[in-house]
Undergrad: 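Okay, here's the structure, questions in a sec.
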Amino acid sequence: MKSVLFVCLGNICRSPTARALFDARLREAGLTIETDSAGVADYHIGKAPDPRSIRHAMDWGVDLSAERARQVQPADFHRFDAIFAMDRDNLAALERLAPASATARVCLLMELAPDYGLDEVPDPYYGGAEGFERVLDMLSSAADGLIEALQSQSGSR
Ligand code: 4NP
């Protein structure tokens, strides 16, 4: 796997946080993977992440300030090896947007962390601080799962 796209609804809370957190973790692990994030909706195109996401991520040592929202494009289904959806609504929207010739594997992000016990990363947008912290905790487990998978892949080659 060489490239991954993280997808949520607005691309201002969960998926830009995923992109920046995974980038930081992958770098620490010495792995080089192209990452990006996008939203299935067009509400926030061009905008910076939600200030609450920026603030909570900063507490986890992750800097989101350079991220800018964009919408998923048909070309993404060829450009990325894997597209990770935060929740089932995002996954259903991706399935509607995917061209018939799509090559990317599209799945729920939390498939990377099956032991976490939750399969969707809940939308924190209309809630309080604990929702933003839960997003970071879940993404952190998923990042551990991806790194383990990549390391066992390269070790078995
Ligand atoms: P995200 O959160 O999908 O994690 O970026 C949301 C951001 C904005 C909206 C919904 C969810 N909104 O309805 O504007």
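Ligands are counted one by one from 1 in listed order, and the atoms in each one are counted from 1 as well.
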Undergrad: Looking at Gln71 and Gly39, would you say the former's side chain and the latter's main chain have a donor-acceptor pair under 3.5 Å?
TA: no
Undergrad: Look at the side chain of Asp36 and the backbone N and O of Leu5, then say whether any donor-acceptor pair between them is shorter than 3.5 Å.
TA: no
Undergrad: Tell me which donor-acceptor pairs under 3.5 Å the side chains of residues 96-107 have, and how far apart each pair is, sequence neighbours excluded?
TA:
unit_1	atom_1	unit_2	atom_2	d
Ser101	OG	His78	NE2	3.0
Thr103	OG1	Phe77	O	3.2
Arg105	NH2	Glu111	OE1	3.3

Undergrad: Counting only heavy atoms and a distance below 4.0 Å, can you name the residues contacting ligand 1?
TA: Cys8, Leu9, Gly10, Asn11, Ile12, Cys13, Arg14, Tyr43, His44, Asp123, Tyr125, Tyr126
Undergrad: Given side chains that start at C-beta, do those of Arg14 and Asp123 come closer than 4.5 Å, heavy atoms only?
TA: yes
Undergrad: Output all residues satisfying salt bridge (charged side-chain N to carboxylate O under 4.0 Å, His left out) with Asp63, sequence neighbours left out; order by chain, then residue number.
TA: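 Listed in chain order: nothing, the list is empty.
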Undergrad: Is Ile12 isolated, or which residues cluster with it under the ILVMFWY side-chain rule of less than 4.5 Å, directly or via members?
TA: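 Tyr125, Tyr126, which link up through side-chain heavy atoms under 4.5 Å apart, make up the rest of the cluster.
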